[in-house]
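Read through the structure below, which is laid out as structure tokens, and then see the notes.
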Amino acid sequence: MAPLKADADPVTPVAGTAVAIIPAPAHLQVRAGEAATLGPRTIIKTHPLDDEARRVGSQFAEFLRTATGYRIPVGVASEGDDHESLESGGAKGAIVELSTRGGDALGEEGYTLNVKKNRILIKAHTAEGLFRGVTTLRQLLPRQIESAKRAEGPWTIPAVRISDAPRYEYRGAMLDVARRFFEVADVKRFIDYMAMYKLNALHMHLTDDQGWRLTVDGRPALTQVGASTQSGWKPGTGGPWYYTKAQYREIVEYAAARFVDVIPEIDGPGHATAAKASLPEVNCGGQAPPPYFGFDVGLPPVCLSPEARPAVKAYLTDVLREAAQQSSADIVHIGGDEVPSTTTEQMDWYVRTAGEVVTAQHKRVMGWHQIGAGTLPPGSLLQWWGDRGDQASIGTGQETGAVRDLRAGVAQGARVIASPADRAYLDMKYDSTNPYGLSWAGLVNLRRAYEWDPVSATSSTDGTHRIVSEEQVAGVEAPLWTDRAYRGSNSLPTSLNQFVPPSVYTDFMTYPRLPAIAEVGWSSAEARSYDEFQRRVVTHGQRWDVQGIGYYRAPDVPWAAVS
Ligand code: TNX
């Protein structure tokens, strides 16, 4: 990343200016200069040949229009009106200049942002980097900019100078749409949340015991039978709950416009009852069980006996091909978690077979850390979901199975995505008063979600035994499981009335913890401090109020009064 110039203006924080950027940028100077203001004459200027900048600019202009009411022209500044706006600057509106012609030292997602009274300049090397920079600019605007209808300015932006780039290339979140189905609109809302905090990977947990959500050519039973249930909802209580190809494409395209890749997960060999209920031939004995809508984990896997393997291989070929072809990421998640009663040979067969199909689609394999026990293709990613119990065993003579699987995968060259359950699991309760979620990995309050490091999450508790280096960590992911997305989640539900809309559950479990995980993935470890993060969270809470997000007003955060 380009370092700040030595002759940069002196750092003089401006009193009363709330600069609260999440995730914290790599370099930030709040300058003494006058703030810029967006006004009726503001234009977004791009180089004539810079189509990508124009695209990102148009998207931003559209966003700005809702609250400001301005129709901001985007493109090349010409003589006349636009020129006048350049000249008159502050009073009628600063110009915003966007460029993807920044040097390649900025990397894929880096950018610089420089705010002066008359001119706001964002430079990046790619459209993605520019989008990240525009996201920062959005956070520098007053919170009313998040309003869904016309709001009052002035639309001031503090004079700052920023140069920024992420620590990790993979910054994800997962939606479990299998236990609780999310309509397309709910998924889009979640993508908006991700984009606001510069996350770039949406992992869709599309299949589990309780449901199958992806349309697969040639396998209509998967959606006819497998999509008839969700946790607590038996066949006939609604649904079917799945995405048509057009709907899934809509999700992928919406995500792509926000520089979020969609990674599909087809879980197996366990967590596959929806597939087993749909396809008799993947069951030992060839008999399909009824669709499952209960709350257990650890149900029997697809049949891994030699006789059943051709049918299971044909199934994997079809479903992983579809998952790969319908999604945007160069990664397919093959699951691998919580498989009861499987031998090492059976697990290895499953992982190898799934890996071959994914590789044939020119994509890489991702899986829960258990797949480390199998043979992995080059470039694989292991998603670590162990917790402090596993960490405590590292370096002792009795490492847990999770740690052994992780070591086995890393030894094959796999890199790690850190999703420690006692830090990054968005389905854990913050505290015991919460109506939703689980607590098997303990309570995860905001401080716990924030104060951890991806490398040390897979090291012994005292840090002396490391399993991965910084380079072997590809990034972080916050999974939102939906096993217990209903009120009164300490016991099983007795009525469907206990289920809240997915967006209600999501807002509560995600905010304020998702921004914490986003910062763990983006900002350098040295730059992070919980107390200082908390101050920024309070400011963001006011933005969430404007957006109508039903976040958890966690008692350990000094929230501002709702204005
Ligand atoms: C464990 S974490 C699971 C999921 C559950 C989750 C609930 C993992 C890979 N498997 O099946 O939804 O716990 O917290």
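For clarity, every value in this text was computed on a predicted model and none was experimentally measured. Whatever order the structure lists them in is the order used to number ligands and atoms, beginning at 1.
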* Would you please say whether a donor-acceptor pair under 3.5 Å links the side chains of D186 and Y505? => no
* Do the two ring centres, one from Y254 and one from F190, sit under 6.0 Å apart? -> no
* Asked: Do you see a donor-acceptor pair shorter than 3.5 Å between the side chains of Q370 and W385?
  -> yes
* Structure fact -> ligand 1 atoms nearer than 4.0 angstrom to some heavy atom of W440 are 7 (C), 13 (O), 14 (O)
* Is there side-chain contact between P340 and P300, with at least one heavy-atom pair below 4.5 Å? -> no
* Structure fact -> Looking only at protein heavy atoms, what sits closest to atom 14 (O) of ligand 1 is D427 OD2, 2.6 Å
* Structure fact -> shortest atom 2 (S) of ligand 1-to-protein heavy-atom contact is with Y425 OH, 2.5 Å
* To do: Say whether Q398 and T396, considering side chains only, have a donor N or O and an acceptor N or O under 3.5 Å apart.
  => no
* Asked: For D337, is at least one N or O under 3.5 Å away from an N or O on ligand 1?
  -> yes
* **Pairs flagged by ring pair (Phe, Tyr, Trp, His ring centres under 6.0 Å) wherever residues 261-317 is involved - sequence neighbours left out** => F295-Y486
* Could you list which atoms of ligand 1 come closer than 4.0 Å to a heavy atom of M428? => 14 (O)
* Nearest to atom 1 (C) of ligand 1, what protein heavy atom do you find, and at what distance? -> E338 OE2, 3.5 Å
* Structure fact -> In this structure, atom 5 (C) of ligand 1 is nearest to the protein heavy atom D483 OD2, 3.5 Å
* To do: Verify whether one side chain among H540 and Y551 offers a donor that lies under 3.5 Å from an acceptor in the other.
  => no
* Asked: Is there a nitrogen or oxygen of R179 sitting under 3.5 Å from a nitrogen or oxygen of ligand 1?
  -> yes
* Which ligand 1 atoms are under 4.0 Å away from a heavy-atom of L438? -> 7 (C), 14 (O)
